[in-house]
Amino acid sequence: MNMKRIFALVDCNNFYASCERVFNPALKKRPVIVLSNNDGCIVALSAEAKELGIHLTAPYFKFKSLAERNNVAVFSSNYTLYADMSHRVMTVLASFSPEVEVYSIDESFLSLTGMKCSLYDYGCVIRETVMKWTGLPVSVGIAPTKTLAKAAAHLAKKDPSCGGVFDMTMNDRSVYLKKINVGNIWGIGKKYAEKLNSRGIYTAADFVTADDKWVRSHMPIAGLRTLMEMRGHSCMNIDDTPSPKKAIVSSRSFGQSIESLEFLRQSVSSYAARAAEKLRGENGLAGVVTVFIMADRFRDDPRYGASLSCELPEASSDTPVITRYALALLNRLYKEGYRYKKAGVMLSGISSSRDLQMNLFLGNRERGSAELMNTVDKVNRSYGSGTLFYASAGTEKPWSMRREFLSPSYTTRWEEILDVRI
DNA sequence: TCTGGGGTCCTAGGACCC
DNA sequence: TCTGGGGTCCTAGGACCC
């Protein structure tokens with residue numbers, strides 16, 4: 001049976017800022033902003049903060065005095081908290097559809113195909129349930145394609161009169177599509193928006209009437225797919241089995257610039273360990289290790305940024321093995337006389353640990369120990385990350401990131417659990 | 001003083017082969 | 001004036017997403 005497909009996108013409003021509010025009711029009416037790693041950029045803000053003119057992705061220092069003058073609550077990113085809250089939201093959503101695709105930390109697509117009840121009402125129930133069970137506000141967009149569901153959720157957020165839920169399956173869509181800038185369509189970024197604008201295409205309503213051939217010749221194939229989806233032809237399915245990662249990156253900007261090789265070695269060691277841990281969490285093995293380092297981009301100092309890769313003799317997820325290769329690469333990359341601001345380790349050529357192709361000529365030291373890694377991961381999961389670490393990652397870490405405004409890990413550490421007095 | 005981190009996919013172009 | 005034609009594979013870079 002060819003049933004008309006229906007998709008819902010459920011999107012948490014200002015997710016990180018909302019997470020901070022759940023456990024701190026004093027923030028209810030206050031403007032809230034959340035900063036990126038290193039307290040660098042603004043990555044989330046509440047509606048009140050938006051009204052002050054603060055905007056996303058701007059570096060914090062540009063709005064610091066405005067924030068201080070207006071009693072804005074400022075937070076460093078607390079990913080431990082956000083990841084746990086995300087998991088709670090996704091668990092609730094799983095009870096509303098047999099097909100759920102967790103698309104990002106704060107959004108999921110749900111299949112509502114075949115639902116007999118009012119879709120708008122169902123969206124409202126989802127919204128109320130998530131609020132009741134997690135304390136987080138969400139918006140729900142409902143439409144015949146994923147791209148239109150994203151657009152519907154965008155409208156649900158923009159227009160408070162629709163109660164956080166927007167159903168685009170019922171009416172003539174062109175009225176609503178006029179309200180959406182072409183650059184806000186999912187899949188159309190800044191560059192293509194500029195290109196489309198120069199052709200007189202400014203809104204989603206303009207876009208759906210665009211010439212197919214022109215779109216195909218000026219945008220990659222994904223552009224044409226977006227066009228079809230915006231016209232209501234579904235080209236994308238719910239993808240509820242996450243595919244294994246093709247690359248795993250661990251990188252950070254430093255809290256302060258560093259010049260010595262020794263501190264770079266410490267940082268690269270700790271990123272290699274983190275990346276290997278993530279890899280083991282995916283049951284993967286890496287075939288290739290890449291290291292990159294970068295001098296401060298925002299100073300007048302001479303610029304330097306470089307990366308090098310090498311293949312491992314045998315695919316591995318062993319921290320000492322990966323660290324050893326990463327540090328050898330770093331030695332070749334390092335040049336004296338620069339103020340380094342960022343470094344990172346990337347693991348790629350990833351295969352499943354189930355089908356390891358062994359190298360006959362490898363000694364045990366080069367192979368590492370899966371049991372040891374397993375134990376290290378277990379200890380760090382139970383007692384907090386960083387309980388066990390390799391000495392090459394250093395202990396003083398003058399380069400480690402700034403997190404001046406970190407909130408407690410309310411939901412994942414006993415000693416930081418909320419204390420409520422009545 | 002202060003400018004994030006982690007991903008995916010597509011395409012063009014070069015190297016190489018027959 | 002003239003400079004094969006296809007095919008594959010790899011990589012770098014650019015675009016997008018959150």
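Owing to the predicted nature of the structure, the values given are computational and were not obtained by experimental measurement. Order of the sequence lines fixes the chain letters, A, B, ..., with proteins taken first and strands second; residue numbering starts at 1 for each chain.
- Heavy atoms of A:Glu107 sit under 4.0 angstrom from primed sugar atoms or phosphate atoms, though from no base atom.
- Using a 4.0 Å cut-off between a side-chain N of Lys or Arg and a carboxylate O of Asp or Glu, A:Arg21 and A:Glu48 qualify as a salt bridge.
- Going from atom NE2 of A:His55 over to atom P of B:dG4 covers 15 Å, rounded to whole Å.
- Regarding A:Asp296, its CG atom lies at a distance of 11 Å from the C1' atom of B:dT1, rounded to whole Å.
- Here A:Leu56 lies out of heavy-atom contact (under 4.0 Å) with every strand.
- Among B:dG4, B:dG6, B:dC10, the nucleotide with an atom closest to any side-chain atom of A:Ile221 is B:dC10.
- The nucleotide whose nearest atom lies closest to any side-chain atom of A:Pro220 is, among B:dG5, B:dT3, B:dT11, B:dT11.
- Within the 3.5 Å criterion, the main-chain N or O of A:Asn237 finds a donor-acceptor partner in the side chain of A:Lys146.
- Computed from coordinates, the A:Ile42 CD1 to C:dC18 P distance equals 19 Å when rounded to whole Å.
- Residue-level contact check: A:Asn38 touches neither bases nor backbone, having no heavy atom under 4.0 Å from any strand.
- Side-chain proximity of A:Arg252 to B:dG7, B:dG5, B:dT1: nearest is B:dG5.
- Closest approach to the A:Ser253 side chain among B:dC9, B:dG4, C:dC18 is made by B:dG4 (side chain taken as heavy atoms from C-beta onward).
- Of the P atoms belonging to B:dG14 and C:dG4, the separation is 16 Å, rounded to the nearest Å.
- Contact annotation: A:Ser77 side-chain N/O to B:dG4 OP1/OP2 distance is not under 4.0 Å.
- Across every strand in view, B:dC18 sits in a pair with C:dG5 that passes the Watson-Crick or G-U test at under 3.5 angstrom.
- Comparing B:dG7, C:dC17, B:dG4 by their closest approach to the side chain of A:Val249 singles out B:dG7.
- Take the nearest nucleotide of DNA chain B for A:Lys341 and for A:Pro244: the residue whose nucleotide is more 5' is A:Lys341.
- Along DNA chain B, the nucleotide nearest to A:Arg216 and the one nearest to A:Ser250 differ in position, and the one closer to the 5' end is contacted by A:Ser250.
- Following rounding to the nearest Å, A:Leu406 (CG) and B:dG4 (C1') show an atom-to-atom distance of 15 Å.
- Contact check on A:Arg88 versus A:Asp84 returns a salt bridge, with a Lys/Arg side-chain nitrogen under 4.0 Å from an Asp/Glu carboxylate oxygen.
- Picking from B:dT8, B:dG4, C:dC17 the nucleotide with the shortest atom distance to the side chain of A:Tyr103 gives C:dC17.
- Applying the 4.0 Å criterion to OP1 and OP2 of B:dT3, one finds that A:Lys342 has every side-chain N and O outside that range.
- Of the charged side-chain nitrogens involved, none lies within less than 4.0 Å of a carboxylate oxygen, so that A:Asp159 and A:Lys179 do not count as a salt-bridged pair.
- Within the 4.0 angstrom heavy-atom criterion, no nucleotide atom of any strand lies near A:Ala58.
- Contact annotation for A:Leu35: no contact, since no heavy-atom pair falls under 4.0 Å across all strands.
- When the nucleotides B:dC9, B:dG4, C:dC18 are ranked by their closest atom to the side chain of A:Lys246, B:dC9 comes out on top.
- In this structure, A:Lys195 does not reach the C:dG14 phosphate: none of its side-chain N or O atoms is under 4.0 Å from OP1 or OP2.
- For A:Lys191, counting side-chain heavy atoms from C-beta on, the closest listed nucleotide (B:dG7, C:dA15, B:dC2) is C:dA15.
- At a threshold of 4.0 Å, the pair A:Glu277-A:Arg274 counts as salt-bridged, since one of the basic side-chain nitrogens sits closer than that to a carboxylate oxygen.
- Taking atom CZ on A:Arg297 and atom C1' on B:dG4, their separation rounds to 9 Å, with Å as the unit.
- Contact check on A:Arg231 versus A:Asp212 returns a salt bridge, with a Lys/Arg side-chain nitrogen under 4.0 Å from an Asp/Glu carboxylate oxygen.
- Separating the C1' atom of C:dC18 from that of B:dC2 is a span of 24 Å, rounded to the nearest Å.
- Across all strands, A:Asp39 comes closer than 4.0 Å to no nucleic acid atom at all (heavy-atom distances).
- Among the protein residues, A:Lys190 comes within range of the sugar-phosphate backbone only, with heavy atoms under 4.0 Å from sugar or phosphate atoms but none that close to a base.
- The shortest heavy-atom contact between A:Met168 and A:Pro144 is O-CD, 4.2 Å.
- Listed candidates were B:dT11, B:dG4, C:dC18. Nearest to the side chain of A:Cys41 is B:dG4.
- Atom NZ in A:Lys64 sits about 12 Å away from atom P in B:dT3, given to the nearest Å.
- Across all non-hydrogen atoms, the minimal contact from A:Leu81 to A:Pro408 is CD2-O, 4.5 Å.
- Set against B:dG6, B:dT8, B:dG4, the side chain of A:Tyr79 has B:dG4 as its closest nucleotide.
- Taking 4.0 angstrom as the limit, A:Arg225 places none of its side-chain polar atoms (N or O) nearer than this to OP1 or OP2 of B:dC9.
- The aromatic ring of A:Tyr60 does not sit over the base of B:dT3, since the test of centres under 5.5 Å and planes under 30° is not met.
- Atom CE of A:Met219 and atom P of C:dC16 are 8 Å apart (whole Å).
- In this structure, A:Asp239 atom CG and C:dC18 atom P are separated by 16 Å, rounded to whole Å.
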